Amino acid sequence: MSTTPLRLKELSKKDELLTGGHRLCAGCGAPIAVRQVLLAAEMPVIASNATGCLEVSTTIYPYSAWKIPWIHTAFENAAATISGVEAMYRSLKKQGKIKERIKFIAFGGDGGTYDIGFQSLSGAMERGHDIVYICYDNGAYMNTGIQRSSATPLGANTTTSPAGSVIPGKVQPRKNLTKIMAAHGIPYVAQTTPAHWRDLMTKVRKALDVDGPAFINVLASCNRGWRTPTDTTIADTKMAVETCFWPLYEYENGRLTINYKPKEKKPVTEFLKTQGRFKHLFSPENEGILERAQELVDREWEALLREESLYKSEEEKA
Amino acid sequence: MKRYLETGNFAITEGAILAGCRFFAGYPITPATELAESMSYRLPQVDGIYIQGEDECAALHLCIGAALGGYKAMTATSGPGYILYADPYGWAIGCEIPLVILNSGRVGPVSGITGAPGQGEFYLTRYPTQGGNFETIVLAPNSAQEAMAITVEAFYLAERFRTPVTILADQLITDGFEDISVPENEEEMKEMGFRTWPRKINKGPEFYPPTDEIDIPPVVLGHNTGALCSDWTPTEEGYDIEEVAAHHKHAYRLIYKIRNNRNLFSNLYEKTFLDDDPDLIVVSYGTPSRVVNTAVKKARERGLKVGALRLINLWPFPDEHFQKSTRYLSVELNWDGQLVREVQRAVPKDAEVHFLGSCGDLPTVQDLIETFEKLLKGQSLSRRGWELEGW
């Protein structure tokens, strides 16, 4: 099969598999990410989709925005359901009833992936199904109206971590799911953003190519929840990378590569200050939280750099 | 007394706080999300704790943990989350842990319709877990104001019976805006008929007495109680035991502590025009009962001899209201007919039982009056081309 080069001119000729006309908000990061994922796929794909904004807004009667076979699962089981489909496919392939290579993708938001769907995700990864799990992480339960999730960053104002005189927004830092998935020892794990389309699509191709489970975490902004204008999605997610709040990296068979190192790492406040959900952090009494947020970013970034240099020095020795 | 134009979720939050609830474990789901939101905002103001679980199962387990620590705890969800309670619900029944659980019904099965009221969990609230050998207490309010009162009552009953109590509401009750009065002190609470029961601590050594007695304080860990808490069959002291005789005592207690003390809450019902032996008794609970009450009043104006029975205490099922041999009509927000089965079981053998179900919508007053007329003329029911089975 010929592979479409990752050039906009060529890609624009491909059919969109998530079409326009869905009901997601203007500026939502999720459909941008999904379109890039599906544009990158060069083989037939089947998707399962956990309950969430992406799911409820793309299949409202009488339309479906999906031009691929698509399953809405409950909130907690996108990975388990697609695992079952994949197991069936393997059997049919073994029996010679299916010839072509089909890949299976599960989509879930951070609520359906970091929290309630975590057990089913972990199980699917451990069993080694040939699936790709794509998490679009917008950092809260946006579908039910912005409640904190374990992906919500420290200090964010949500409706169940309301910033006020008692608490300054969410008091816990977010869970580092990408690292947890890497710890599963699966063939491919990466994180990226829709602002880095070539990076995202390259990663999706790698994930689809491996024989076995793969996980990609995509930071996808939510204008309602982040309290940002609808035209800054790309700028906001880009700033997450420039500040190293959301580094672009991947694990290929356990080997870490950092895909982008900003020439000048910007302070995390550059990422936070444009978002209404962090507005309260810029008042004097919350200075400590901003310091803590910077510390968390620095610690993760430095750990990534150390880990990568370890692999490099080992390879040089070898 | 302070008056608000607010939602049922607000009323339930205030009711829970008045009842002494200081722990809420939430998980977002329409139409119960706003309850988690208001709890996350209100509880810290009264030195309470709001925790969000990673799913509903975790949320109810969190409540169990808090209750075992001596707190009055609550969680809330809708049908798709209520089924995830199956494990912790059974745990709380078996270990006799007082908890309050709110289920705001939407239209199922599965995700179904979120923005409309449904009554698909009538039986699920009776059997929220596996295994049998237990009884459950379920209360169903039909307004925001009553939801507050029922929340207070649910905490009261949970403490006295040492068991989880489900408040079965629906989307219109929790999401709808209504005129709500919130009492501001104990005197006003008494005026409104609110009763509360403090959390007491069982000091042992008889943690699980083999009787149907209520008012035995629940097991609380720590506090020098030496209590054990496990979901196996317990001995009276709380040790695990794999023995049929011990399980007989355990099961007897779980069933009969509730059945034999039903008088504590069997007053929770509303009867409208039932004093003159009506030719038709309309049975309902929750939101549809409001339409039923209006329809029955209008039907009476037209000379139809119809009465309404609204159940607030759903489980254990109040058989005593169904002694008369007459016509019954169960009006429910489901098409499969749930409450009607229980009515059929409870009525005398020669009574007539009919069913009118809605699925995602509400019956109109006109619908109901036409139905009453048909039934009183001895005609059979059909609805939108959908022929009803032989109720």
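Note that the structure is a prediction, hence the values are computed from the model and not measured. In what follows, every chain begins at residue 1, and chains take the letters A, B, ... in the order their sequences are listed.
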Practice item. Among the options A/N143, A/T158, A/V166, A/T144, pick out the one with the most heavy-atom pairs lying under 4.5 Å from chain B. Key: A/T144
Practice item. Output the distance between atom CD (A/E76) and atom CD (B/E56), rounded to the nearest 0.5 Å. Key: 8.0 Å
**Study point:** Greater than 12 external heavy atoms within 6.0 Å of A/R299's CZ
**Key:** no
Check your understanding: Just wondering, more than 12 heavy atoms not from A/Y63 lying within 6.0 Å of its OH?
Key -> no
Check your understanding: Within a radius of less than 6.0 Å around NZ of A/K179, do more than 12 heavy atoms belonging to other residues, nucleotides or ligands occur?
Key -> yes
Exercise for review: Side-chain contact test, heavy atoms from C-beta onward, threshold under 4.5 Å: evaluate it for A/I116 versus B/E54 and give yes or no.
Suggested key: no
Exercise for review: Report, as yes or no, whether the 6.0 Å neighbourhood of atom CD on A/E287 holds more than 12 heavy atoms from other residues, nucleotides or ligands.
Suggested key: no
Revision key, fill the gap. When the 4.5 angstrom heavy-atom criterion is applied to B/L84 and chain A, the contacting part is side chain
Exercise for review: Enter the distance from A/T160:OG1 to B/I51:CD1 here, rounded to the nearest 0.5 Å.
Suggested key: 12.0 Å
Exercise for review: Give me the ring orientation class for B/Y27 and A/F75: parallel if the planes are under 30° apart, tilted from 30 to 60°, perpendicular past 60°.
Suggested key: tilted
Point to revise | Other residues, nucleotides, ligands: >12 heavy atoms within 6.0 Å of B/E186 CD | key: no
Study note, to complete from the structure: Tightest non-hydrogen contact, residues A/H72 and B/S111, listed as CE1-OG, 3.9 Å
Practice item. Determine whether more than 12 heavy atoms belonging to other residues, nucleotides or ligands lie under 6.0 Å from atom CZ of B/R22. Key: yes
Review point. Just wondering, are more than 12 heavy atoms of other shown residues or ligands nearer than 6.0 Å to OH in B/Y71?
Key: no
Review point. Is there a side-chain contact between A/Q119 and B/D55, using heavy atoms and a 4.5 Å cut-off?
Key: no
Review point. Are any side-chain N or O atoms of B/S40 and backbone N or O atoms of A/T159, one a donor and one an acceptor, separated by less than 3.5 Å?
Key: yes
Practice item. Kindly check if the number of other-residue, nucleotide or ligand heavy atoms within 6.0 Å of CG (B/D47) is above 12? Key: no
Check your understanding: For the side chain of A/Q147 and the backbone of B/T33, is there at least one donor-acceptor N/O pair under 3.5 Å apart?
Key -> no
Study note, to complete from the structure: Turns out that what part of A/S150 lies under 4.5 Å from chain B's heavy atoms comes down to neither
